[in-house]
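Worksheet for the structure shown next.
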2 protein chains.
Amino acid sequence: MNIGDISKATGLPAKTIRYYEEIGLIRPARGANGYRHFSETDLHNLTFLGRARSLGFSIEECRALLALYTDKDRASADVKQIARVHLAQIDAKIAELQAMRATLAELVSACAGDQRPDCPILKGLAGEG
Amino acid sequence: MNIGDISKATGLPAKTIRYYEEIGLIRPARGANGYRHFSETDLHNLTFLGRARSLGFSIEECRALLALYTDKDRASADVKQIARVHLAQIDAKIAELQAMRATLAELVSACAGDQRPDCPILKGLAGEG
DNA sequence: CCTTGACCTTCCAGCGACTGGAGGCCCTAT
DNA sequence: ATAGGGCCTCCAGTCGCTGGAAGGTCAAGG
């Protein structure tokens, strides 16, 4: 399979696949013409990477997960540890966004939103709120 | 006030303040020795920027908000519009993270996390789940 | 056989919002 | 005179791509 085929199969842009090779996540073979040639294993690995990325794992976390995925003697504890750390990061991010959301929603609801210049949102941002 | 003083007063790193000048968010005066000199207005503007950034507004949104903050003839509707768009973005981001969180939490809870290699997390990422 | 167009290649630059560090000037206190 | 801290500019790096330029390759149609 060429990069276009694998791109369609995985849903990942060709640019992204080349980038993953560049940073050493995958090592596709090369044909005589210099084209990348992707095996079934490459397909599995890229699918895996795509899903891991869509769950918000960083590239380095993906690298570690992929190594564990490839290592048939891994301990599931190692995988779970990475996942738990990431889950905690997601929770922290959600909490941060919810705090922002609460403050912002309060300011928005206090603002008349008409033609007058008086604006509780700006006052709040300026520290008068 | 020099940059160190304003940094303490606003809580923003000096590097960030220089960066804000570089991209035209602020225009502090300069002393004969080349040092930046910050007025009370600069202090207010930087405080405003710090709060807006901490609510997740992008730099360009901050630029627009600061312009409205400075313009005493603004309509509060313009401010509210920016804030509402941002609020919607935050909500979208929260929803995205919660979806990730749900999937990930499910995988984590299904994983024994022991010394055996069998791992529902890896299976899920591979698409077997 | 030639051309067209889709596909592939590499390399370089840019996004957002800083952050770190090098190298050097300035100011105050001892 | 010197030591220290603070200030200056400029360059490079972060993360994960993404866009574009310049050019090689391949299959189909005339």
Side-chain angles (χ1 to χ4, degrees), chain A residues 1-39 42 45-46 48-66 85-86 89-90 93 96-97 100, chain B residues 1-39 42 45-46 48-66 82 85-86 89-90 92-93 96-97 100:
Chain A
M1 293 174 101
N2 282 346
I3 200 165
D5 307 312
I6 211 87
S7 172
K8 269 170 214 140
T10 59
L12 295 171
K15 281 271 187 186
T16 297
I17 297 170
R18 291 195 193 100
Y19 173 70
Y20 286 173
E21 182 187 18
E22 188 188 326
I23 63 173
L25 278 183
I26 52 168
R27 295 174 193 278
R30 292 287 179 137
N33 56 10
Y35 285 20
R36 288 169 185 83
H37 180 73
F38 296 86
S39 67
D42 291 324
N45 287 351
L46 282 168
F48 181 94
L49 287 169
R51 285 178 202 249
R53 290 288 301 129
S54 78
L55 286 183
F57 286 101
S58 73
I59 288 287
E60 288 316 307
E61 285 166 335
C62 287
R63 194 189 300 277
L65 288 171
L66 190 58
V85 167
H86 181 52
Q89 286 167 353
I90 289 177
K93 190 75 194 168
E96 185 191 341
L97 285 170
M100 282 183 190
Chain B
M1 294 171 100
N2 282 346
I3 200 166
D5 306 313
I6 211 88
S7 172
K8 270 171 213 138
T10 59
L12 296 170
K15 280 268 186 188
T16 298
I17 297 169
R18 291 195 194 99
Y19 173 68
Y20 286 173
E21 181 188 18
E22 189 188 325
I23 62 173
L25 278 184
I26 54 168
R27 297 175 193 276
R30 294 285 179 139
N33 56 11
Y35 285 20
R36 288 169 184 83
H37 180 72
F38 295 86
S39 67
D42 292 322
N45 287 352
L46 281 167
F48 182 93
L49 287 170
R51 286 178 202 249
R53 290 287 302 128
S54 77
L55 286 182
F57 287 101
S58 73
I59 289 286
E60 288 315 307
E61 285 166 336
C62 286
R63 195 189 299 276
L65 287 171
L66 189 59
I82 293 173
V85 167
H86 181 51
Q89 286 167 352
I90 289 177
K93 189 76 193 169
E96 185 191 341
L97 285 170
M100 281 182 191

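Letters A, B, ... are given to chains in the order of the sequence lines, protein chains preceding strands, and every chain is numbered from 1.
- Look at CZ on B:F38: it is 11 Å from C1' on D:dC7, rounded to the nearest Å.
- Atom CZ in B:R36 sits about 16 Å away from atom P in D:dG6, given to the nearest Å.
- Atom CD1 of B:I3 is separated from atom P of C:dC25 by 20 Å (rounded to the nearest Å).
- Regarding B:N2, its CG atom lies at a distance of 13 Å from the C1' atom of C:dT28, rounded to whole Å.
- Distances shown here put a side-chain N or O of B:R30 below 4.0 Å from the OP1 or OP2 atom of D:dT9.
- Looking at A:H86, its side chain never comes within 3.5 Å of a backbone N or O of A:E61 through a donor-acceptor pair.
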Derivation of the side-chain contact (heavy atoms from CB on, under 4.5 Å) call for B:E21 and B:I17: CA-CA 6 Å; B:E21 181 188 18; B:I17 297 169; over 6 Å; no

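- B:H37 places its NE2 atom 12 Å from the P atom of D:dC8, with the value rounded to the nearest Å.
- At whole-Å resolution of the value, OH in B:Y35 and C1' in C:dC25 are 7 Å apart.
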Walk me through it: do A:H37 and A:M1 pass the test side-chain contact (heavy atoms from CB on, under 4.5 Å)? CA-CA 6 Å; A:H37 180 73; A:M1 293 174 101; 5.5 Å; no

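- At a threshold of 4.0 angstrom between heavy atoms, the contacts of B:I23 with the nucleic acid are absent.
- Rounding to whole angstrom units, CD of residue B:E22 and P of C:dG16 are separated by 13 Å.
- Contacts of A:R18 with the nucleic acid, taken as non-hydrogen atoms under 4.0 Å apart, include base atoms.
- Mapped onto DNA chain C by nearest heavy atom, B:A32 and A:D5 fall at different nucleotides, with A:D5 at the one closer to the 5' end.
- Considering only side-chain N and O atoms, A:N33 lies under 4.0 angstrom from the phosphate OP1 or OP2 of D:dC26.
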Give the B/S/- string for nucleotides 15-22 of chain D, one per nucleotide from 5' to 3', where a protein heavy atom under 4.0 Å of the base yields B, of only the sugar-phosphate yields S, and otherwise -. -BBSBB--

Could you please spell out the steps behind the side-chain contact (heavy atoms from CB on, under 4.5 Å) verdict for A:L97 and A:M100? CA-CA 5 Å; A:L97 285 170; A:M100 282 183 190; 4.0 Å; yes

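- Shown are A:N45, A:T10, A:L46; of these, the side-chain contact (heavy atoms from CB on, under 4.5 Å) with A:F38 is made only by A:L46.
- When rounded to the nearest whole Å, the span between CD1 of B:I6 and C1' of D:dC7 equals 15 Å.
- In terms of heavy atoms, B:C62 sits closest to B:L49 at CB-CD2, 3.8 Å.
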Going through the checks in order, is the side-chain contact (heavy atoms from CB on, under 4.5 Å) test met by B:R53 and B:I59? CA-CA 7 Å; B:R53 290 287 302 128; B:I59 289 286; 3.9 Å; yes

